Amino acid sequence: MTLLNHRAEGPASAPPLLLGPSLGTSYALWDGVAPELSITHRVVRWDLPGHGGSAAGLIRAGASVGDLAGRVLALADSLGIERFTYAGVSLGGAVGLHLAVHHPQRLSSLAVICSSAHFNGSRPWEERAALVRREGLAGLAENAGARWFAGDFTVPRLVRDHRDADPEAYAACCDALAAFDLRERLPEITVPTLLVAGREDPATPPAHLREIADAVPGATLVELPGASHLAPAQCPEAVLTALRAHFGQDARRGMAVRREVLGDAHVDRAQAQQTPFTARFQDFMSRYAWGEIWTDPTLSHRERSMITLTALVAHGHYDELAMHVRAARRNGLSPEEIGAVLLQTAVYCGVPAANSAFATAQRVLAEEAGTS
Ligand SMILES: O=C(O)CC1=CCC(=O)O1
């Protein structure tokens with residue numbers, strides 16, 4: 001299957017972050033932001049169909065934002081990325097909102113930049129699509145600066161990408177914008193959401209971002225002075241600061257759950273022993289194991305403890321087992337329930353494994369009870 005053109009940066013083991021562009025631009029929109037983000041993330045930035053390096057045939061007249069989101073998921077699948085953080089500008093942001101409503105299990109965090117839950121109805125986009133199908137993109141690209149940037153600022157590469165986009169594909173993206181309206185569904189969004197508004201943005205003014213922030217539970221809104229529609233290009237430092245603070249929440253949430261489950265003493269010890277060599281691994285654990293998996297409310301902490309004990313016995317990780325017997329007690333499992341889990345492992349992991357597990361658990365439970 002033909003995929004969206006994309007550029008991947010950053011360590012393959014880092015948490016994946018997908019970046020979506022706005023109508024008329026390419027992944028070059030993220031040039032001032034992506035290299036910095038790729039220090040902590042596996043950044044994958046993609047081009048809209050018929051824009052940058054993506055084939056025009058990836059979109060048809062009458063397309064929807066859902067179709068574009070499907071292309072993004074296909075790209076993620078092809079890269080082996082199941083769950084990802086997502087940030088998108090304008091049309092790219094609409095793709096992010098669609099993913100958050102329709103595919104919440106694929107997203108761990110969302111940032112919507114200079115975008116909206118609706119683009120002022122279908123009329124302006126039907127007119128723009130008709131204009132582009134009739135006359136091509138040269139005229140629109142000529143006045144892109146006024147729509148995209150504040151003051152005299154410009155990015156010649158982005159204006160060039162606008163002019164060189166495929167008119168049919170551009171018009172099909174306009175069709176998608178014409179049909180897009182997610183306002184009714186915003187309260188269903190559960191993924192941590194950041195809204196970034198350009199204070200001087202004429203296309204999606206701050207009121208559009210505020211409307212999303214008011215409707216999405218727990219969402220945060222940041223307004224950037226001096227930014228217009230392409231905030232990542234004109235104010236990369238301010239966008240970076242906002243994104244870093246938002247995406248860092250995964251690690252912070254993870255650290256809170258890690259302390260709840262493993263206890264302050266254990267986490268403080270692990271932190272104190274951290275070296276520059278182990279720092280990325282510790283961060284990975286906070287973000288991924290604790291910030292993403294243990295925080296997922298589908299299973300309770302009790303259930304997660306039972307699964308974890310079993311998995312540790314299966315692989316003979318007895319030091320980790322001792323730690324997770326303490327965690328299981330903190331998560332509300334009684335010594336009898338822990339014994340029942342270990343007994344079951346005798347069936348599926350083997351008697352010798354369960355034998356060692358019982359010895360480890362017995363020692364920990366005795367220590368906890370103060371009888372050792
Ligand atoms: O090109 C514009 O006028 C601004 C814009 C609206 C939707 C989008 O992605 O860019």
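Numbers here simply count residues along the sequence, with the first being 1. Because the structure is predicted, anything quoted here is derived from the model rather than measured. One-based numbering, in listed order, for ligands and for the atoms of each.
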For H317 and H324: C-alpha separation, side-chain torsions, deciding distance, then whether ring-ring contact (aromatic ring centres under 6.0 Å, His included) applies.
CA-CA 10 Å; H317 298 305; H324 273 281; over 10 Å; no

Ligand 1: which protein N/O atoms lie under 3.5 Å from its N/O atoms?
{"from": "ligand 1", "atom 1": "1 (O)", "to": "R128", "atom 2": "NH1", "distance (Å)": "3.1"}
{"from": "ligand 1", "atom 1": "1 (O)", "to": "R147", "atom 2": "NE", "distance (Å)": "3.4"}
{"from": "ligand 1", "atom 1": "1 (O)", "to": "R147", "atom 2": "NH2", "distance (Å)": "3.3"}
{"from": "ligand 1", "atom 1": "3 (O)", "to": "R128", "atom 2": "NH1", "distance (Å)": "3.3"}
{"from": "ligand 1", "atom 1": "3 (O)", "to": "R128", "atom 2": "NH2", "distance (Å)": "2.8"}
{"from": "ligand 1", "atom 1": "3 (O)", "to": "R147", "atom 2": "NE", "distance (Å)": "2.8"}
{"from": "ligand 1", "atom 1": "9 (O)", "to": "L23", "atom 2": "N", "distance (Å)": "2.8"}
{"from": "ligand 1", "atom 1": "9 (O)", "to": "S90", "atom 2": "OG", "distance (Å)": "2.8"}
{"from": "ligand 1", "atom 1": "9 (O)", "to": "L91", "atom 2": "N", "distance (Å)": "3.0"}
{"from": "ligand 1", "atom 1": "10 (O)", "to": "S90", "atom 2": "OG", "distance (Å)": "3.2"}
{"from": "ligand 1", "atom 1": "10 (O)", "to": "H229", "atom 2": "NE2", "distance (Å)": "3.2"}

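- Note that the OG1 atom of T345 and the CZ atom of F358 stand 7.0 Å from one another [nearest 0.5 Å].
- Test R147, R157, E142 against H162 for side chain to side chain donor-acceptor pair (under 3.5 Å) and you get one pass: R147.
- Here R45 pairs with D31 in a salt bridge; the nearest charged N to carboxylate O distance falls below 4.0 Å.
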Steps toward salt bridge (Lys or Arg N to Asp or Glu O under 4.0 Å) verdict (R304, D296):
CA-CA 10 Å; R304 289 192 186 280; D296 171 0; 3.8 Å; yes

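- Contact of the D47 side chain with the H6 side chain is not registered, since no non-hydrogen atoms from C-beta on lie closer than 4.5 Å.
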